[in-house]
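Quantities reported herein were computed from a predicted structural model and do not represent experimental measurements. Residue indices begin at 1 and follow the sequence shown. Side chains are part of it too, since the values below use all heavy atoms of this structure and drop only hydrogens, waters and symmetry mates.
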Amino acid sequence: MNINFNYINIIKESASIDINLSFKLIKHCIKLLKSKETEGEARSIIIYILDNWHKVDSSAQQLWTDMIEAVGFYPYLEKYSSKFKLESTSSLIRKGFYKSDNLDNIYFHEEQKELLQKILEGNNLIISAPTSFGKSLLIEEIVASKKYKNIVIIQPTLALLDETRKKLMKYEPHYKIIIKTSQPFSCEKGNIFLLTAERILEYYPNIPKIDFLILDEFYKLSAKRDDERSDILNNAIYLLLKKYNCSFLFLGPNIQNISSGFVEKYKAEFYKSNYSLVVNEEVDIYKYNEGKFGRSGKKKLF
């Protein structure tokens, strides 16, 4: 995404963002939002407005609130509800549409909501999106919906699995959370298998019928990567999909495309998104602190 930083620099450098400047910026955002190729720049401008909200004149705040809603930033509208007032009934109805059905006080952004509807309708999805997209929230919403009895979540490291376990502990009344191959599954309630690919293969002979499979960092399936674990991961996925024909969700960052053969075989949809609720800025600390990092720091300049 190529961003015109002239508008962003205006926001950052202006002492005040009055009604006239707001009209100019909003007009530009509306133009950008007409194309998929440029809508990301519009979202970036709005994020900078949010970051500089203290500069926005009171006469322009409602205009910007409407723009924040227009790009589907409902998580911001809820988090800072004291700042952003939705005045029309239609706006409040739209905001209510993006509220989670299963998680307290959680609102999804526009694309999260679209994808969740597809998932809960039974569609197989392969999602490529930035880290800030909120992919982990999709996982929790699926679990919280209690639609699926037995769920497998495969993540590449024990640290990620432990982080997911902590988030999902609250669902233990409905699910037994299995993190070790020595744990038997429950027949009385649902099960969430939080395992690496290696542990899936070890548990596989005893695993019950799986209803939903979640694979995080799905790019690790690629045999083109110099990673000997890709064969293990491919075997684990193949066995689960072949034996149970379960619905699935694959998640990963910034993947351009996947095999058309896989999409056709498993009736999946590849969804690539650049949607983000944050903007990343790079700062070259060496440039502004030349000679202050010693010999090792100097090597990093070349």
Side-chain angles (χ1 to χ4, degrees), residues 1-100 106-118 127-135 137-138 253-254 256 271-283:
M1 178 180 63
N2 296 318
I3 297 176
N4 184 341
F5 284 96
N6 289 336
Y7 291 93
I8 289 171
N9 288 332
I10 289 172
I11 295 169
K12 293 168 70 175
E13 295 170 6
S14 296
S16 174
I17 301 172
D18 61 16
I19 191 72
N20 291 325
L21 177 55
S22 292
F23 269 124
K24 178 181 178 181
L25 292 169
I26 287 172
K27 183 178 179 182
H28 182 62
C29 285
I30 291 171
K31 181 180 178 181
L32 294 172
L33 288 169
K34 291 179 179 179
S35 169
K36 280 283 185 184
E37 295 179 356
T38 57
E39 64 181 6
E41 182 182 342
R43 290 194 293 267
S44 294
I45 290 172
I46 293 169
I47 289 169
Y48 276 98
I49 286 292
L50 287 164
D51 194 45
N52 291 270
W53 190 254
H54 60 285
K55 298 180 183 179
V56 179
D57 188 86
S58 59
S59 63
Q61 288 182 357
Q62 189 57 49
L63 291 175
W64 281 113
T65 299
D66 291 342
M67 280 304 302
I68 293 165
E69 192 211 348
V71 295
F73 281 5
Y74 291 97
Y76 282 125
L77 290 173
E78 175 61 18
K79 184 175 182 179
Y80 303 108
S81 57
S82 60
K83 293 182 182 179
F84 309 127
K85 302 294 184 183
L86 296 178
E87 296 185 342
S88 70
T89 302
S90 59
S91 295
L92 292 170
I93 291 172
R94 283 193 296 271
K95 181 185 174 185
F97 175 74
Y98 288 90
K99 189 177 188 301
S100 168
I106 293 296
Y107 286 77
F108 299 109
H109 63 64
E110 189 175 30
E111 291 195 12
Q112 280 176 323
K113 183 67 175 181
E114 178 184 349
L115 292 171
L116 277 169
Q117 286 185 303
K118 291 185 177 187
I127 301 173
S128 170
T131 303
S132 55
F133 182 88
K135 296 187 286 293
L137 192 58
L138 297 180
N254 306 316
Q256 298 304 313
Y271 189 99
K272 178 171 173 53
S273 174
N274 292 315
Y275 197 104
S276 177
L277 291 171
V278 300
V279 172
N280 296 320
E281 287 191 3
E282 294 182 2
V283 178

Donor on one side chain, acceptor on other, Glu78 and Tyr98, under 3.5 Å: no
Side-chain touch Tyr74/Arg94, heavy atoms, less than 4.5 angstrom: yes
Sidechain-backbone polar pair: Glu111 side chain, Ser273 backbone, donor-acceptor under 3.5 Å: no
Quiz item: cation-pi between Arg43 and Phe73, 6.0 Å / 45°: no
pair Leu116-Glu114: side-chain heavy atoms closer than 4.5 Å: no
From CD (Gln112) to CG (Leu277), nearest 0.5 Å: 7.0 Å
Heavy-atom closest pair, residues Ser88 and Ser91: OG-OG, 2.7 Å
Side-chain donor/acceptor of Thr38 to backbone N/O of Leu32, under 3.5 Å: yes
Heavy-atom closest contact (Asp18 atom, Leu21 atom, distance): OD1-N, 2.8 Å
Trace of the side chain to side chain contact (heavy atoms under 4.5 Å, CB included) decision for Thr65 with Leu77: CA-CA 8 Å; Thr65 299; Leu77 290 173; 4.3 Å; yes
Under 3.5 Å: donor-acceptor pair, side chain of Lys135, backbone of Pro130: yes
For the student: nearest non-hydrogen atoms of Ile8 and Ser44, plus distance: CD1-CB, 4.4 Å
Mutual orientation of the aromatic rings belonging to Tyr76 and Tyr80 [parallel < 30°, tilted 30-60°, perpendicular > 60°]: parallel
Exercise: identify the closest heavy-atom pair between Ser276 and Ile47: O-CD1, 3.8 Å
Parallel, tilted or perpendicular, as decided by the 30° and 60° cut-offs, for the rings of Trp53 and Phe84: perpendicular
Verdict with reasoning, Ser59 to Asp57, per side-chain hydrogen bond (donor to acceptor under 3.5 Å, both in side chains): CA-CA 5 Å; Ser59 63; Asp57 188 86; 2.5 Å; yes
Any donor-acceptor N/O pair, Lys55 side chain to Lys12 backbone, under 3.5 Å: yes
Enclosure of Lys79 NZ (heavy-atom neighbours >12, cutoff 6.0 Å): no
From Lys113 atom NZ to Leu138 atom CG, the distance as rounded to the nearest 0.5 Å: 11.5 Å
Interatomic spacing from CG in Asn52 to CD in Glu13 - rounded to 0.5 Å: 11.0 Å
Over all atoms of both residues, closest heavy-atom pair of Ala60 and Ser22: CB-OG, 3.3 Å
Evaluation steps, side chain to side chain contact (heavy atoms under 4.5 Å, CB included), between Phe108 and Leu115: CA-CA 10 Å; Phe108 299 109; Leu115 292 171; over 6 Å; no
Side chains of Met67 and Leu33 in contact at under 4.5 Å (non-hydrogen atoms): yes
Distance (rounded to the nearest 0.5 Å) between Ile11 CD1 and Ile45 CD1: 6.0 Å
Test side chain to side chain contact (heavy atoms under 4.5 Å, CB included) applied to Leu63 and Ile19, step by step: CA-CA 9 Å; Leu63 291 175; Ile19 191 72; 3.4 Å; yes
Spatial distance of atom CG (Asn20) from atom CG (Leu25) [nearest 0.5 Å]: 11.0 Å
Whether Tyr7 and His28 hold their rings parallel, tilted or perpendicular, with breakpoints at 30° and 60°: parallel
Heavy-atom check, side chain of His109 versus side chain of Phe133, under 4.5 Å: yes
Value rounded to 0.5 Å, distance of OH in Tyr107 from OG in Ser100: 10.0 Å
